[in-house]
Q: 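Sending over a structure as structure tokens; questions will come in a sec.
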Amino acid sequence: MAASTHHPIAQASVPASASTAPLPALDDSDANVASALRALGGDRLKDLLLPQQIVNHIVATVDALPRHELGSASILPLRTPQGAFMAGKTQGILAADARNTGRYAPYMAVVRRADSQALVTWYAHSYPLFQQAYRELGYPKAYFNDRLIAAIDDMLAAPSLAQPPALQLANGRYTYVDPALESLSAGQKLMLRLGPANEAELKAKLRVIRNLLTARQLSTTARTQ
């Protein structure tokens with residue numbers, strides 16, 4: 001573990017079947033990881049989850065979310081939303097159509113279905129796979145869970161807007177008129193695309209997950225003092 005680790009993962013008290021099951025090698029982990037995630041996320045996740053290099057894609061996506069650009073969609077562990085992005089003018093202002101939020105309905109169904117405690121318990125048990133993937137991504141001395149917490153914090157810091165922000169279309173690409181919004185990270189722009197209700201719901205879930213992750217750290221610290 002790197003000396004600069006801020007959010008170490010500690011094994012909590014979990015059932016023996018969850019805490020002692022051996023992990024597969026990273027290159028052979030897809031079936032194991034897919035089965036676990038589908039159990040956590042329900043039937044909707046079965047249709048969304050891409051079946052190859054799941055841990056690697058999760059790690060690459062988490063690493064990219066706090067950056068300005070996500071990069072290629074090929075790093076994503078999930079299929080992209082169906083249908084085209086819709087925008088329209090209201091009183092002369094171009095903005096996202098409210099119907100866009102429907103494109104994210106399957107993803108939000110997974111968010112609602114997944115039990116936060118069970119998810120964090122599985123993640124902690126499987127953490128060596130994530131750490132190995134993070135090293136292979138190009139961070140041999142960094143700690144993936146620190147990056148995960150940073151990505152969560154960045155998404156939680158996304159602005160909550162009562163109305164869809166103004167857009168402009170140039171070269172076939174929509175951008176925000178407000179430079180402050182256009183400069184947001186990829187994760188924060190994702191939050192805005194979800195729509196206010198979905199954004200609030202996802203933020204609530206992320207806060208619970210973050211609290212569980214940091215509670216593990218705090219309980220470990222308390223035992224060692």
Side-chain angles (χ1 to χ4, degrees), residues 26-27 29-31 33-34 36-38 40-87 94-111 113-114 119 123 126 129-130 132-139 142 144 147-148 150-159 164-165 167-176 181-195 198-199 201-203 205-206 209:
L26 177 61
D27 289 344
S29 66
D30 284 336
V33 171
L37 290 179
R38 288 167 183 165
L40 289 164
D43 292 339
R44 289 292 186 95
L45 186 58
K46 181 179 180 180
D47 297 328
L48 296 175
L49 187 67
L50 295 172
Q52 297 180 332
Q53 294 187 303
I54 300 172
V55 171
N56 301 75
H57 287 165
I58 292 173
V59 166
T61 299
V62 168
D63 181 59
L65 283 171
R67 306 185 193 283
H68 181 62
E69 296 289 344
L70 190 62
S72 171
S74 64
I75 71 169
L76 298 175
L78 302 177
R79 303 185 193 280
T80 55
Q82 293 186 349
F85 177 82
M86 295 176 286
L94 182 66
D97 191 297
R99 290 174 294 175
N100 280 308
T101 59
R103 301 172 67 218
Y104 299 99
Y107 305 88
M108 295 308 300
V110 172
V111 170
R113 168 68 170 76
L119 176 62
Y123 167 71
S126 305
L129 299 176
F130 291 89
Q132 180 182 344
Y134 197 47
R135 288 197 303 266
E136 294 180 1
L137 189 62
Y139 303 97
F144 173 70
R147 188 60 173 173
L148 175 60
I152 291 174
D153 286 345
D154 180 71
M155 295 177 77
L156 290 175
L167 300 172
Q168 55 192 357
L169 180 61
N171 299 320
R173 181 172 178 265
Y174 289 102
T175 59
Y176 293 111
L181 296 181
E182 185 56 31
S183 67
L184 294 177
S185 68
Q188 292 179 347
K189 287 180 178 177
L190 170 61
M191 284 294 199
L192 295 187
R193 289 196 298 273
L194 291 176
N198 287 340
E199 178 183 358
E201 187 173 359
L202 181 54
K203 281 183 175 180
K205 192 82 166 191
L206 289 175
I209 291 171

Q: Distance check, rounded to the nearest 0.5 Å: E199 atom CD versus M108 atom CE?
A: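 The CD atom of E199 sits 10.0 Å away from the CE atom of M108.
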Q: Counting only heavy atoms not in D153, do more than 12 fall under 6.0 Å of its CG?
A: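 Atom CG in D153 is crowded, with more than 12 foreign heavy atoms closer than 6.0 Å.
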Q: Counting N and O atoms only, with roles assigned by atom type, does the side chain of K203 sit under 3.5 Å from a partner on the main chain of M191, one being a donor and the other an acceptor?
A: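 Answer holds: no.
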Q: Looking only at non-hydrogen atoms, find the nearest pair between A95 and P165 and report the distance.
A: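 The pair with the smallest heavy-atom distance is CB-O, 3.6 Å.
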Q: Mind checking side-chain contact (heavy atoms from CB on, under 4.5 Å) for S185 and listing every partner two or more places apart, or none if nothing turns up?
A: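 S185 satisfies side-chain contact (heavy atoms from CB on, under 4.5 Å) with D154, Q188 only.
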Q: Other residues, nucleotides and ligands only: do more than 12 of their heavy atoms fall within 6.0 Å of CZ on R113?
A: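 Check passes, neighbour count above 12.
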Q: Determine the minimum heavy-atom distance between L184 and H68, stating which atoms define it.
A: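 Looking at all heavy atoms of both residues, the closest pair is O-ND1, 3.2 Å.
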Q: Which pair of heavy atoms, one from L181 and one from P159, lies closest together, and at what distance?
A: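 Closest heavy-atom pair between L181 and P159: CD2-CG, 4.1 Å.
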Q: Once rounded to the nearest 0.5 Å, what's the spacing between atom NZ of K46 and atom CG of L49?
A: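 Interatomic distance, K46 NZ to L49 CG, rounded to 0.5 Å: 11.5 Å.
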Q: Are any of the side-chain heavy atoms of L94 and Y174 separated by less than 4.5 Å?
A: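 Counting from C-beta outward, L94 and Y174 do come under 4.5 Å.
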Q: Between atom CD of Q168 and atom CZ of R173, what is the distance when rounded to the nearest 0.5 Å?
A: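 That separation rounds to 10.0 Å.
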Q: Could you tell me the separation between the CD1 atom of I54 and the CG atom of D30, rounded to the nearest 0.5 Å?
A: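 Answer for the CD1-CG pair, I54 versus D30, is 4.5 Å.
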Q: Working to the nearest 0.5 Å, report the span between CG of D43 and CG of L48.
A: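 Reported to 0.5 Å precision, the distance equals 11.0 Å.
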Q: As an exercise, state the distance from OH of Y104 to CG of L190, rounded to the nearest 0.5 Å.
A: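 Between Y104 OH and L190 CG, I get 6.5 Å after rounding to 0.5 Å.
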Q: Would you say the side chain of L137 lies within less than 4.5 Å of the side chain of R147, judging by non-hydrogen atoms?
A: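 Sidechains of L137 and R147: no contact.
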Q: So, are K205 and E201 salt-bridged, with charged N and O less than 4.0 Å apart?
A: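 Salt bridge: no.
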Q: Could you tell me if the side chain of V62 sits less than 4.5 Å from the side chain of F130, heavy atoms only?
A: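 They are not in side-chain contact.
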Q: To check you understand the geometry: which heavy-atom pair defines the closest contact between A186 and A64, and what is its length?
A: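 In this case the closest contact between A186 and A64 is CB-O, 4.3 Å.
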Q: Compile the donor-acceptor pairs under 3.5 Å between side chains in residues 72-87 and protein atoms, sequence neighbours left out, one pair per line.
A:
from : atom 1 : to  : atom 2 : distance (Å)
S72  : OG     : S74 : N      : 3.0
S72  : OG     : S74 : OG     : 2.7
R79  : NE     : D47 : O      : 3.1

Q: For A133, what residues pass the side-chain contact (heavy atoms from CB on, under 4.5 Å) criterion, not counting sequence neighbours?
A: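 So A133 forms a side-chain contact (heavy atoms from CB on, under 4.5 Å) with L26, V55, N56, V59.
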Q: Treating E182 as the side-chain partner and Y176 as the backbone partner, does any N or O pair qualify as donor plus acceptor under 3.5 Å?
A: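 Present.
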Q: If you take all heavy atoms of P66 and A151, which pair is closest and at what distance?
A: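 Smallest heavy-atom distance, with atoms named: CG-CA, 3.7 Å.
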